[in-house]
Amino acid sequence: STTKDVQRILGTPVDGKVRAQPRANKKHNPGLVQGWQWSLAKRPSGSLMIKALQRKLKAGGFYKGAIDGWFGPATIAALQKALGTHVDGKVSKESTMVKRLQKNLNAGKLY
């Protein structure tokens, strides 16, 4: 439901899935569990939702990377910074970033 809420706020298709993510990102982010589709492709196409998130973070001055649709360390760190949580570019199992994101989504905002 967190992914669907983010998709709604960002105006992307709402299906609860984050598509075309590099498989290498999975092992570093144990807190990313349901709805993530990991790709073996060398350069997966990326997710529309993550591209929209990257554009929003870039517009807010939090993200300086490419709009590639990958939820990698730079995007994670930018979201952590925007949410005011510990910045390490990783999503742990007990992620304060995810908890803050869920709290904000319940209030109808992203960050």
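Nothing here was measured: the structure is a model prediction, and the numbers come from that model.
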[X] and [Y]: same hydrophobic cluster, using ILVMFWY side-chain contacts below 4.5 Å?
{"X": "L32", "Y": "L105", "value": "yes"}
{"X": "L79", "Y": "F62", "value": "yes"}
{"X": "L10", "Y": "V91", "value": "yes"}
{"X": "I76", "Y": "V87", "value": "no"}

Any side-chain to backbone donor/acceptor pair from [X] onto [Y]? Under 3.5 Å, distance only.
{"X": "W70", "Y": "P44", "value": "yes"}
{"X": "Q80", "Y": "K90", "value": "yes"}
{"X": "Q7", "Y": "K17", "value": "yes"}
{"X": "Q21", "Y": "F71", "value": "yes"}
{"X": "N104", "Y": "L110", "value": "yes"}

Just verifying a value: how many Å separate [X] [atom1] and [Y] [atom2], rounded to the nearest 0.5 Å?
{"X": "R8", "Y": "T12", "atom1": "CZ", "atom2": "OG1", "answer": "10.0 Å"}
{"X": "S92", "Y": "M97", "atom1": "OG", "atom2": "CE", "answer": "8.5 Å"}
{"X": "L101", "Y": "N106", "atom1": "CG", "atom2": "CG", "answer": "9.5 Å"}
{"X": "N29", "Y": "K27", "atom1": "CG", "atom2": "NZ", "answer": "11.0 Å"}
{"X": "M49", "Y": "I9", "atom1": "CE", "atom2": "CD1", "answer": "11.0 Å"}
{"X": "K26", "Y": "S39", "atom1": "NZ", "atom2": "OG", "answer": "12.5 Å"}

If you take all heavy atoms of [X] and [Y], which pair is closest and at what distance?
{"X": "T75", "Y": "L57", "value": "O-CD1, 4.1 Å"}
{"X": "G60", "Y": "Y111", "value": "CA-OH, 4.5 Å"}
{"X": "Y63", "Y": "Q54", "value": "OH-NE2, 3.3 Å"}
{"X": "G72", "Y": "N25", "value": "CA-ND2, 3.7 Å"}

